[in-house]
Amino acid sequence: MPNEEVFVPYGPTHWAALGVCVLGAAVVVVLGRRLRDSEAEVIFSRVFASVLATYTVTMLVYRWWPGNFEVHISLPVHLSDLAWMVAVIALWTRVRWATALTYYWGLTLNPQAILTPALDSPDFPHIDFIDLWVQHILVLWAALYLMWGRGGPVDWRSYRLTLAVTVMWAVATFGLNNWLGTNYGFLNGKPDNPSILDLFGSWPWYLLVEFLIITVAWALITWPWTIRRPRSAEIRVETAG
C-alpha cells in the first residue's frame, strides 16, 4: 500500500480548499440576494440545511462506527459541531437566535480552523481532510448566506446571547475534557499543529486572551448592524424647511 502524503498547511490542497471557499462564498451571497423574499429562497435554504445535516450526520455515524470511534475526536462537542447544528436550524427555520449563533461562530471561529487547520492526517482525498474542510466551509457559507444573502441582522442582544452560550459551552467542555482526558475546543491545551493560539501565551493565559479578542471582535461585527441610517423622511422634512 503506497504511503499517503501528509497534509501540509498552505500546500497545494490547502490553497485549493481556500479557493473553493472564496468562490462558494460569493455564489451563496449573490444567490441569496437574488432569491430574497421569494418561495425559491425557502426551498434553497432548506436544501442547504438538508445537505449540511446529511453530510455532518453521515460523518458522525462514520466516527461512531465500530473500529473508527476514538474518544478524543469522535464526540460532537467541538464548537464547530454546535455551529453546524445551529446553522441547520437557522437555514430551515430562520429563527433569530440560531441565525445569531451561526453568524458569530461561523464568521470568526470557523475561519480560524480554515486558515490554521489543526489537521494531522493524510492529505486529500483522505476522509479526515474532506471532513474538516467540507464541514467548516459549509458553516461559513451558511453564515454569509444568512446575513448578507438572505438578510438577517443581529443586535446587542444577539451579541450577549452568543457570549453567554459560548461561555457555558466552554465550562461544560472543559469539565468533560478533564473527565475523559480529551482536549475538545483546545480548552485544556494548545493543538500540536501551529495555530494562532501560539501567539497568546501559555495555558491558561491563552484562553483569557482568546476570550478578550473574541469579545472585541464580536462587538465590532455587531456594531455595523445596529447603526441607524438617516431616514429619508427626516431628510425631506429638513430640506423642505
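Reckoned from all heavy atoms, side chains included, excluding hydrogens, waters and symmetry mates.
- To the nearest 0.5 Å, atom OG1 of residue T58 and atom CZ of residue R63 are 12.5 Å apart.
- At a threshold of 4.5 Å between non-hydrogen side-chain atoms, the residues F200 and I213 count as touching.
- Cluster annotation: V30 is not connected to M147 through the hydrophobic network of ILVMFWY side chains, with a link wherever side-chain heavy atoms come within less than 4.5 Å.
- A donor and an acceptor atom, one from each side chain of Y104 and S158, are nowhere located under 3.5 Å apart.
- H14 and Y10 have tilted rings, their planes meeting at an angle from 30° to 60° on a 0 to 90° scale.
- Distance alone, capped at 3.5 Å, places no donor-acceptor pair between the H136 side chain and the I114 backbone.
- Closest heavy-atom contact between Q135 and Y55: N-CE2, 3.9 Å.
- Contact detail for A87 and A142: the closest heavy-atom pair is CB-CB, 4.2 Å.
- In this structure, a donor-acceptor pair under 3.5 Å is absent between the side chains of D155 and T226.
- The CG atom of L146 sits 11.0 Å away from the CG atom of L107 when rounded to the nearest 0.5 Å.
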message: I'd like to know whether V71 forms a side-chain contact (heavy atoms from CB on, under 4.5 Å) with L75, so could you lay out the CA-CA distance, the side-chain angles of the two residues, the decisive distance to 0.1 Å, and finally the verdict.
response: CA-CA 6 Å; V71 69; L75 300 178; 4.3 Å; yes
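- The CE atom of M59 sits 3.5 Å away from atom CG of D131, with the distance rounded to the nearest 0.5 Å.
- I89 places a side-chain heavy atom less than 4.5 Å from the side chain of V95.
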message: Let's go through Y159 and W156 carefully: what are the C-alpha distance in whole Å and the side-chain angles of both, what is the deciding distance for ring-ring contact (aromatic ring centres under 6.0 Å, His included) to 0.1 Å, and is it a yes or a no?
response: CA-CA 5 Å; Y159 170 78; W156 293 113; 5.4 Å; yes
query: Does the side-chain contact (heavy atoms from CB on, under 4.5 Å) test come out yes or no for N188 and T182, once each step is laid out?
result: CA-CA 8 Å; N188 299 61; T182 53; over 6 Å; no
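- The two residues A170 and L187 have their closest heavy-atom pair at O-CD1, 3.4 Å.
- At distances below 3.5 Å, at least one donor-acceptor pair connects side-chain atoms of T56 with backbone N or O atoms of A53.
- The shortest non-hydrogen separation linking V139 to A83 is CG1-CB, 4.0 Å.
- Put simply, the side chain of M168 reaches to within 4.5 Å of the side chain of V165, judged on heavy atoms.
- Considering only heavy atoms from C-beta on, V29 stays 4.5 Å or farther from Y145 through its side chain.
- Within the 4.5 Å cutoff, no side-chain heavy atoms of W133 are placed close to those of V20.
- When hydrophobic clusters are built by joining Ile, Leu, Val, Met, Phe, Trp and Tyr residues whose side-chain heavy atoms come closer than 4.5 Å, directly or via intermediates, W97 is grouped together with V154.
- V209 and L212 are members of different hydrophobic clusters when ILVMFWY side chains are connected at heavy-atom separations under 4.5 Å.
- In this structure, CG in L140 is found 4.5 Å from SG in C21, a value given to the nearest 0.5 Å.
- A single hydrophobic cluster is not seen to contain both L18 and V27; linkage of ILVMFWY side chains at heavy-atom distances under 4.5 Å, directly or through other members, places them apart.
- Residue T102 comes nearest to A143 through the heavy atom pair O-CB, 3.5 Å, listed as atom of the first residue, atom of the second, then distance.
- A parallel orientation is assigned to the rings of F174 and W203, their planes being inclined by less than 30° (bins at 30° and 60°).
- Within a 6.0 Å radius of CZ in R157, other residues, nucleotides and ligands contribute 12 heavy atoms or fewer.
- Under the rule for a side chain to side chain donor-acceptor pair (under 3.5 Å), D81 has no partner lying at least two apart in sequence or in another chain.
- For the pair N183 and G189, the tightest heavy-atom approach, listed with the atom from each and the gap, is ND2-O, 2.8 Å.
- Note that CG of L31 is 12.0 Å distant from CZ of R33, once rounded to the nearest 0.5 Å.
- Here the side chains of F129 and V134 are not in contact, with every heavy-atom distance at 4.5 Å or above.
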task: Decide side chain to side chain donor-acceptor pair (under 3.5 Å) for W64 and S74; before the verdict, give the C-alpha distance in whole Å, the side-chain angles of both, and the deciding distance to 0.1 Å.
output: CA-CA 7 Å; W64 280 69; S74 297; 5.7 Å; no
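- Listed by first and then second residue, the salt bridge (charged side-chain N to carboxylate O under 4.0 Å, His left out) pairs involving residues 41-59 are E41-R94, E41-R150 (not counting sequence neighbours).
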message: Is there a ring-ring contact (aromatic ring centres under 6.0 Å, His included) between F186 and Y206? Walk through the geometry before answering.
response: CA-CA 10 Å; F186 305 117; Y206 74 84; 9.0 Å; no
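- Looking only at side-chain heavy atoms (C-beta outward), L138 and F48 come within less than 4.5 Å of each other.
- Grouping the Ile, Leu, Val, Met, Phe, Trp and Tyr side chains by contacts below 4.5 angstrom, directly or via other members, places I130 with Y62.
- Taking OG1 of T222 as the start and CD1 of I227 as the end, the distance is 11.5 Å to the nearest 0.5 Å.
- Side-chain contact between V216 and L220 is present, with at least one heavy-atom pair separated by less than 4.5 Å.
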- prompt: Where do L91 and F44 land on the side-chain contact (heavy atoms from CB on, under 4.5 Å) test, with the steps shown first?
  reply: CA-CA 9 Å; L91 288 167; F44 177 78; over 6 Å; no
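- Each side-chain hydrogen bond (donor to acceptor under 3.5 Å, both in side chains) pair with one or both residues in residues 163-174, not counting sequence neighbours, appears once here: W105-T166, W169-T173.
- Relative ring orientation between Y103 and W225 is described as perpendicular, the plane-to-plane angle rising above 60° on a 0-90° scale split at 30° and 60°.
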